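I have placed the structure first, in the form of structure tokens, so that the comments after it can refer back to it.
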There are 2 protein chains.
Amino acid sequence: MKEIEKRLTENGVRPTAMRILIYKYLAEKDAAISLTDIETAFAKAERTTLYRTLRTFEEKKIVHQIDDGTGIQKYALCEPGCDCSLEQDLHLHFHCNNCDETVCLTEHKIPHINLPDGYVTEDANLVLKGICEKCSGQ
Amino acid sequence: MKEIEKRLTENGVRPTAMRILIYKYLAEKDAAISLTDIETAFAKAERTTLYRTLRTFEEKKIVHQIDDGTGIQKYALCEPGCDCSLEQDLHLHFHCNNCDETVCLTEHKIPHINLPDGYVTEDANLVLKGICEKCSGQ
DNA sequence: TCAATAAATGCACTTCCGTTGCATCGTCTT
DNA sequence: AAGACGATGCAACGGAAGTGCATTTATTGA
Ligand SMILES: [Mn+2]
Ligand SMILES: [Mn+2]
Ligand SMILES: [Zn+2]
Ligand SMILES: [Zn+2]
């Protein structure tokens with residue numbers, strides 16, 4: 001548990017009880033998590049606190065935000081040492097049309113694309129949708 | 001103008017006055033359009049009508065929806081003969097962080113990605129963000 | 001140790017956008 | 001002309017993100 005406190009502190013986030021709980025929750029899930037997910041998991045907690053915790057985690061590069069096309073913002077823990085604002089750390093995400101879960105495929109980086117002159121690329125988002133390995137039954 | 005009526009009819013959409021206007025509006029813009037954009041352009045028209053027009057256009061493959069990561073749904077005319085539900089017609093989109101416009105790069109297809117066993121890909125979305133050619137000043 | 005200060009949390013409220021239900025109106029068919 | 005069906009208008013709803021401000025909790029340093 002000291003692990004988590006250390007991780008938070010190193011990233012400039014004070015390790016409050018709630019934050020540690022949320023971190024743990026994110027760590028034990030292999031799918032990306034929405035604010036509503038967390039709200040459901042911690043029914044007694046304040047929505048705003050959860051909201052701001054996720055925002056803080058994102059600012060401090062503890063989690064990265066995922067836009068999977070559902071219109072709902074999701075979050076997942078960053079790999080240690082990952083800086084998701086750098087092109088080399090941008091990976092693709094997979095959204096399952098069956099179970100509605102979104103997962104990070106951190107080993108699959110977003111391929112570099114050459115654009116016509118005049119275009120300057122600063123960021124990229126690649127989401128594949130279909131059936132995940134759990135749901136395809138193999 | 002008969003052109004537009006023909007296009008709509010061919011796709012199974014009855015060419016009402018409003019629909020023709022909206023089609024023209026989409027045709028003269030080179031950027032993707034949001035419902036709010038259209039609402040502003042046709043201030044006297046009913047929001048719901050515009051909304052349903054876009055939905056109908058999408059169902060009938062006259063436009064495709066674009067998720068550019070802003071959280072706002074955008075639409076752009078499909079190329080003639082394009083079926084955006086097919087992998088081969090999936091192209092990438094570019095969102096400018098400066099002018100906030102999103103454009104189709106129809107000549108840039110989304111590269112095929114090989115996923116681990118068990119994953120079945122049905123759809124893909126690739127959005128690049130940065131500075132567009134207009135804004136980069138060359 | 002205690003007061004001053006800063007950060008985190010709780011509560012209420014707002015805004016934005018997408019969406020739906022239902023009544024009305026217009027158009028096409030027979 | 002009557003009936004059927006599709007399009008439009010109006011009103012309201014719902015989810016999710018976001019903000020302002022009061023209150024509580026933690027940190028600092030006198
Ligand atoms: Mn990820
Ligand atoms: Mn497009
Ligand atoms: Zn699944
Ligand atoms: Zn631009």
Side-chain angles (χ1 to χ4, degrees), chain A residues 4-25 32-60 62-76 95 100-102 125, chain B residues 4-5 7-25 32-60 62-76 95 100 102 125:
Chain A
I4 297 178
E5 294 190 33
K6 189 172 162 236
R7 180 84 206 275
L8 295 183
T9 306
E10 278 173 357
N11 286 62
V13 173
R14 282 152 72 169
T16 67
M18 198 67 234
R19 285 170 173 175
I20 293 172
L21 283 175
I22 294 178
Y23 189 101
K24 272 201 232 174
Y25 180 77
I33 298 300
S34 71
L35 175 58
T36 306
D37 291 335
I38 298 189
E39 215 183 331
T40 305
F42 300 93
K44 55 209 168 182
E46 238 323 281
R47 218 173 62 78
T48 316
T49 303
L50 304 174
Y51 169 73
R52 286 198 255 239
T53 298
L54 287 175
R55 253 242 251 87
T56 302
F57 279 8
E58 193 197 357
E59 279 164 14
K60 298 308 173 60
I62 293 168
V63 302
H64 58 280
Q65 205 194 70
I66 300 163
D67 169 26
D68 62 5
T70 60
I72 294 166
Q73 293 172 206
K74 309 248 172 86
Y75 301 85
H95 176 76
D100 206 47
E101 290 198 339
T102 300
N125 183 34
Chain B
I4 296 179
E5 294 190 33
R7 181 82 207 276
L8 295 183
T9 306
E10 279 172 356
N11 286 63
V13 173
R14 281 153 70 170
T16 67
M18 199 68 234
R19 285 170 174 174
I20 293 172
L21 284 175
I22 294 178
Y23 189 100
K24 272 201 234 174
Y25 179 78
I33 298 300
S34 71
L35 175 57
T36 306
D37 291 335
I38 298 189
E39 216 185 330
T40 306
F42 300 94
K44 55 210 171 186
E46 236 326 278
R47 199 181 146 62
T48 317
T49 304
L50 304 174
Y51 168 73
R52 285 199 256 241
T53 299
L54 287 175
R55 253 245 245 87
T56 302
F57 279 8
E58 193 197 357
E59 279 164 13
K60 298 307 173 60
I62 293 169
V63 302
H64 58 281
Q65 205 192 70
I66 300 162
D67 169 26
D68 62 5
T70 60
I72 294 165
Q73 294 173 205
K74 309 249 171 86
Y75 300 85
H95 176 75
D100 206 48
T102 299
N125 183 34

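First the proteins, then the strands, lettered A, B, ... as listed; each starts at 1. Source: prediction; values computed, not measured.
Between B:Val63 and B:Leu54, the shortest heavy-atom distance links the atoms CG2-O, 4.0 Å.
In this structure, CG in B:Asn125 is found 6.5 Å from CG in A:Asn125, a value given to the nearest 0.5 Å. Note that CD1 of B:Ile4 and CZ of B:Arg7 are 10.5 Å apart. Values are rounded to the nearest 0.5 Å. Atom CZ of residue A:Phe42 and atom OG1 of residue A:Thr53 lie 10.0 Å apart, to the nearest 0.5 angstrom. With rounding to the nearest 0.5 Å, the separation of CD1 in A:Ile62 from OH in A:Tyr23 is 7.0 Å.
B:Ser34 meets the side-chain hydrogen bond (donor to acceptor under 3.5 Å, both in side chains) test with B:Asp37; sequence neighbours excluded. In this structure B:Thr70 satisfies the side-chain hydrogen bond (donor to acceptor under 3.5 Å, both in side chains) test together with B:Asp68, sequence neighbours excluded. Applying the ring-ring contact (aromatic ring centres under 6.0 Å, His included) test to A:His64 and every residue at least two apart in sequence or in another chain returns A:His91, A:His93. With sequence neighbours left out, the side-chain hydrogen bond (donor to acceptor under 3.5 Å, both in side chains) criterion links A:Asn11 to no other residue.
Counting 5' to 3', DNA chain D first comes under 4.0 angstrom of a heavy atom of chain A and last does so at the ends given by D:dA16 to D:dT27. On the nucleic acid side, DNA chain C has its first and last nucleotide under 4.0 Å of a heavy atom of chain A at C:dA7 to C:dA12, going 5' to 3'.
Residues A:Met18 and A:Leu50 are in side-chain contact: their nearest non-hydrogen atoms beyond the backbone lie under 4.5 Å apart. Counting only heavy atoms from C-beta outward, the side chains of B:Ile38 and B:Tyr75 never approach each other to under 4.5 Å. Annotation: side chain of A:Ile66 is not in contact with side chain of A:Gln73 (no heavy-atom distance under 4.5 Å). Under the 4.5 Å side-chain criterion, counting only non-hydrogen atoms from C-beta, A:Lys74 is not in contact with A:Leu35. Under the 4.5 Å side-chain criterion, counting only non-hydrogen atoms from C-beta, B:Thr36 is not in contact with B:Ile72.
Contacts between residues 45-54 of chain B and DNA chain C, defined by a heavy-atom separation under 4.0 Å, are made by B:Arg47, B:Thr48, B:Tyr51, B:Arg52. Residues from residues 66-75 of chain A lying near DNA chain D, meaning a heavy-atom separation below 4.0 Å, are A:Ile72, A:Gln73 in numerical order. Residues from residues 33-44 of chain A with heavy atoms under 4.0 angstrom of DNA chain D, sorted by number: A:Leu35, A:Thr36.
Counting only residues at least two apart or in different chains, salt bridge (charged side-chain N to carboxylate O under 4.0 Å, His left out) contacts with residues 43-58 of chain B comprise B:Glu39-B:Arg47. Identified under the salt bridge (charged side-chain N to carboxylate O under 4.0 Å, His left out) test for residues 10-21 of chain A, with sequence neighbours left out: A:Lys6-A:Glu10.
Axis orientation changes by 10° from one end of the helix from C:dT1-D:dA30 to C:dT30-D:dA1 to the other, with each end axis drawn from 5 pairs and the value rounded to 10°.
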